[in-house]
Amino acid sequence: MAQGTLYIVSAPSGAGKSSLIHALLKTQPLYDTQVSVSHTTRAMRPGEKHGEHYFFIDVAEFKRMIEQDAFLEYAEVFGNYYGTSRKTIEQVLSTGVDVFLDIDWQGAQQIRARMPQARSIFILPPSKEELDRRLRGRGQDSDEIIAGRMAQAVAEMAHYAEYDYLIVNDDFDLALSDLKTIIRAERLRLGRQKARHDALITKLLAD
């Protein structure tokens, strides 16, 4: 069976990364494409389900997994731990399913070091002005917080050259089409096609 591909997707807040991934998944069957489910120590929120939104575990269990080198990457954010399980990712990939991982550039660096065969995609906004407009359009943050998010966005975007693919999310439908094209191209790579069509190739080359 052909091995699935791990896709690392990064972008500054407001670039449309999560919206693009969710739109993509709606067009792909579960046996082809899934989004990675991370482990976390934070409390479960109303409406969330264990194993669907996150794998919810306690701090002791998370630290035990760190000691066992069970994570492809992990980080502590505002007192809570978040991590990507190596075993979970490898199990899904082994079934031929592509996995999308929504993560920042720091996590992407950790994963590339451990899984160099992963493909990475960075998503940029069309301009700073548009990014600012999108952040303000959420209506959730003060001017001070938005200014901080904009500064953080610039720092994040400085890492775009570390990625394999670059998408500018100006027109959403076009950006989604670009994302689909990347997946299609990766699935047509020789190694994956050879594994998928091994029986056919053997027959075609038989005397």
Side-chain angles (χ1 to χ4, degrees), residues 6-30 33-49 52-56 73-84 98-111 118-184:
L6 176 61
Y7 291 95
I8 303 164
V9 187
S10 304
S13 178
K17 170 183 57 175
S18 297
S19 296
L20 282 169
I21 292 174
H22 290 146
L24 172 72
L25 291 177
K26 288 180 180 178
T27 69
Q28 306 284 317
L30 280 176
T33 311
Q34 294 180 21
V35 67
S36 171
V37 179
S38 299
H39 286 65
T40 184
T41 59
R42 77 159 172 77
M44 190 183 302
R45 294 169 182 165
E48 290 184 330
K49 295 180 180 178
E52 180 178 336
H53 297 91
Y54 286 97
F55 292 107
F56 295 93
E73 62 79 33
Y74 70 91
E76 184 179 0
V77 182
F78 301 122
N80 294 309
Y81 285 99
Y82 296 83
T84 303
D98 292 333
V99 179
F100 273 77
L101 186 55
D102 179 343
I103 202 164
D104 66 13
W105 65 269
Q106 292 167 306
Q109 287 183 341
Q110 293 182 53
I111 290 176
R119 293 290 179 262
S120 55
I121 304 166
F122 200 93
I123 299 170
L124 289 172
S127 66
K128 285 184 179 180
E129 291 75 18
E130 175 61 16
L131 186 62
D132 183 84
R133 187 192 68 78
R134 291 176 186 176
L135 290 174
R136 292 183 186 278
R138 296 175 177 177
Q140 299 174 341
D141 301 317
S142 65
D143 288 346
E144 183 179 359
I145 290 177
I146 289 176
R149 288 187 182 277
M150 286 296 295
Q152 183 180 10
V154 173
E156 290 173 350
M157 289 188 291
H159 293 271
Y160 79 93
E162 299 171 11
Y163 290 71
D164 299 312
Y165 297 97
L166 185 65
I167 294 176
V168 177
N169 185 16
D170 187 1
D171 179 285
F172 186 85
D173 290 337
L174 180 57
L176 180 57
S177 177
D178 288 342
L179 194 54
K180 291 178 182 178
T181 300
I182 291 170
I183 297 171
R184 183 64 179 159

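Since we're looking at a predicted model, the values are computed, not measured.
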Please identify which of these residues, L20, I182, D178, meets the side chain to side chain contact (heavy atoms under 4.5 Å, CB included) condition with I121. I182
Rounded to the nearest 0.5 Å, what separates atom CD in Q110 from atom CD1 in I8? 10.5 Å
According to the interplanar angle, ranging from 0 to 90°, do the rings of W105 and H159 count as parallel (below 30°), tilted (30 to 60°) or perpendicular (above 60°)? parallel
If you measure from NZ on K17 to CG on L179, what distance do you get to the nearest 0.5 Å? 12.5 Å
Within a reach of under 6.0 Å around OH of Y74, are more than 12 heavy atoms found that belong to other residues, nucleotides or ligands? no
Gap separating the CZ atom of R149 from the CZ atom of R136, nearest 0.5 angstrom: 12.5 Å
Distance-minimising heavy-atom pair for T84 and S36: CG2-OG, 4.0 Å
Examine distances only and state if a side-chain atom of S177 and a backbone atom of D173 form a donor-acceptor pair shorter than 3.5 Å. no
What one should report as the nearest heavy-atom pair of M150 and K128 is CE-O, 3.5 Å
CD (Q152) and OG (S13) are apart, to the nearest 0.5 Å, by 7.5 Å
Counting N and O atoms only, with roles assigned by atom type, does the side chain of N169 sit under 3.5 Å from a partner on the main chain of A15, one being a donor and the other an acceptor? yes
Using only heavy-atom distances, determine whether the side chains of N80 and T40 contain a donor-acceptor pair under 3.5 Å. no
Could you measure the distance from the OH atom of Y82 to the CZ atom of R42? Nearest 0.5 Å is fine. 5.0 Å
Apply side-chain contact (heavy atoms from CB on, under 4.5 Å) to residues I21 and Y7 and explain how you reach the verdict. CA-CA 11 Å; I21 292 174; Y7 291 95; over 6 Å; no
I need the L176 CG to D171 CG distance, nearest 0.5 Å. 10.0 Å
Is any side-chain N of the basic residue among E130 and R134 closer than 4.0 Å to the acidic one's carboxylate O? yes
For P125 and M157, work out which heavy atoms get closest and say how close. CD-SD, 3.7 Å
